[in-house]
There are 2 protein chains.
Amino acid sequence: MPRPPRYDQSVLLDAAVELAAAAGPAAVTMAAVAKQTGTPNGSMYHRFPQRAVLLAELWLRTVGHFQEGYLAVLDSDPEPRRAALAVARHVVAWSRAHPREAAVLLHGPDAFDRADWPEEYAVRADRGNRRVLAAVSGLAEQLGATAPADAERVALALIDIPLALVRRHLRGVGRLPAHAEDLAERCAADLLATGR
Amino acid sequence: MPRPPRYDQSVLLDAAVELAAAAGPAAVTMAAVAKQTGTPNGSMYHRFPQRAVLLAELWLRTVGHFQEGYLAVLDSDPEPRRAALAVARHVVAWSRAHPREAAVLLHGPDAFDRADWPEEYAVRADRGNRRVLAAVSGLAEQLGATAPADAERVALALIDIPLALVRRHLRGVGRLPAHAEDLAERCAADLLATGR
DNA sequence: ATTGAATTGGAGCCTACTCTCTATAACATG
DNA sequence: CATGTTATAGAGAGTAGGCTCCAATTCAAT
């Protein structure tokens, strides 16, 4: 019986991503998203009761897209070493394919006012992170890493270093060079080398 | 003949750093810095004609401190390989010793509204960056790196990866584990290994 | 056709912030 | 001591953005 929505949430989030990528999280104002999509001010507050919810949804959708592919690649190869190298490459490749979403990720949740999110959203964000962390730890174990410092090394190789590579280039010229995937894979291979 | 200043610029910048580290660059408002230091609103605008100048000075002072130490360590050892490893360690050690300033650095200049800075400040920031980049490139050359991709690898090892390590921990619990320096050095050593 | 919940559209309130303006205080020099 | 120069001090104008409110509109279900 209700009237169907006219301004789709996903359209609003698309605009929000674009604004965040182009001018930073602070540029994601209710007014800016409304203007960009032609939505009236009041309608924005039907989809998102507060700005913090808009930012939270924006973050969760983006990081969800990323993690989905990340976990898929991790699980795609039963051989742990190959899976690790593939996932390091994947982070770079995904960022190349989705530069705007990657720019959002590089800002991190705090830049999207994580402190103001309703608890539900913070919980969902944590759950996603733990899922990835657990998958990486599992891989580290298969690779023979036992100490917590080893798990950290693997996380550095499979998450932080590929993202550092992406950051270096997206913050600069804005294009990832063709060999970035190779570099990420090589760093990962070095760090995963056993017997160290 | 002039009346001596009562509110020192460095004191205001100290407060600004603290605010930025604790609650992000957006928390560095003229009002917040004034309140924290007991300065009246109007006096702020004697030191910093606009907020953008406050943010620019904050950034330049912080990054200057960092780069000063960085270059000193780079030059402290004539043997390029040892200098490289020392500098990778240094990034982590400096961040441990100056957690608030490190937090500022991790936000990057754009978060401090670099686009709004008067040109003079942007030029100074560029000059500093180029100086470090040149030093790193010089080291890369001494290490036998020739292709631009090699220089990038060295920059990744001596700047981005140590910073990624710092970011991982400062964004989390807020304390750097004791072995972080070792990890940074090891990553650097792996990446600098010749004949690859 | 009627009903009523959901949605839209927009005027405008409120807060927080940047920045201006004016008056006054302190100090060096002639 | 008079004077010029610079700093302090505070009030408040102007503005941007988050958010509220409410009347008008739409449309599925009855």
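Labels below follow one simple rule: chain letters A, B, ... track the order of the sequence lines, proteins then strands, and each chain is numbered from 1. As the structure is a computational prediction, the values presented were derived from the model and not from experiment.
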Output the rounded distance in Å from [atom1] ([X]) to [atom2] ([N]).
X       : N      : atom1 : atom2 : value
B/Phe48 : D/dA7  : CZ    : P     : 13 Å
A/His46 : D/dT20 : NE2   : P     : 12 Å
B/Leu19 : C/dC17 : CG    : P     : 11 Å
B/Asp8  : D/dT6  : CG    : C1'   : 16 Å
A/Lys35 : C/dG9  : NZ    : P     : 18 Å
A/Met44 : C/dA11 : CE    : P     : 18 Å

Taking [X] for its side chain and [Y] for its backbone only, find out whether a donor-acceptor pair lies under 3.5 Å.
X        : Y        : value
B/Arg153 : B/Leu191 : yes
B/Thr62  : B/Leu58  : yes
B/Arg81  : B/Leu143 : no

For nucleotides 19-22 of chain C, print each protein N/O atom paired with a nucleotide N/O atom at under 3.5 Å, atom names and distance only.
from   : atom 1 : to      : atom 2 : distance (Å)
C/dC19 : OP2    : B/Arg51 : N      : 2.8
C/dC19 : N4     : B/Asn41 : OD1    : 2.9
C/dC19 : N4     : B/Asn41 : ND2    : 2.8

> How do A/Val28 and B/Pro40 order along DNA chain D: which one's closest nucleotide is nearer the 5' end?
Replying inline: B/Pro40
> Taking only residues two or more places apart in sequence or in another chain, which ones pass side-chain contact (heavy atoms from CB on, under 4.5 Å) with B/Ala31?
Replying inline: B/Thr29
>> Give me each pair satisfying salt bridge (Lys or Arg N to Asp or Glu O under 4.0 Å) with a member in residues 103-118 of chain B, each pair once, sequence neighbours excluded.
In response: B/Arg51-B/Asp113, B/Arg114-B/Asp126
>> Measuring from atom CG of A/Leu170 to atom CZ of A/Arg100, what distance do you get when rounded to the nearest 0.5 angstrom?
In response: 12.0 Å
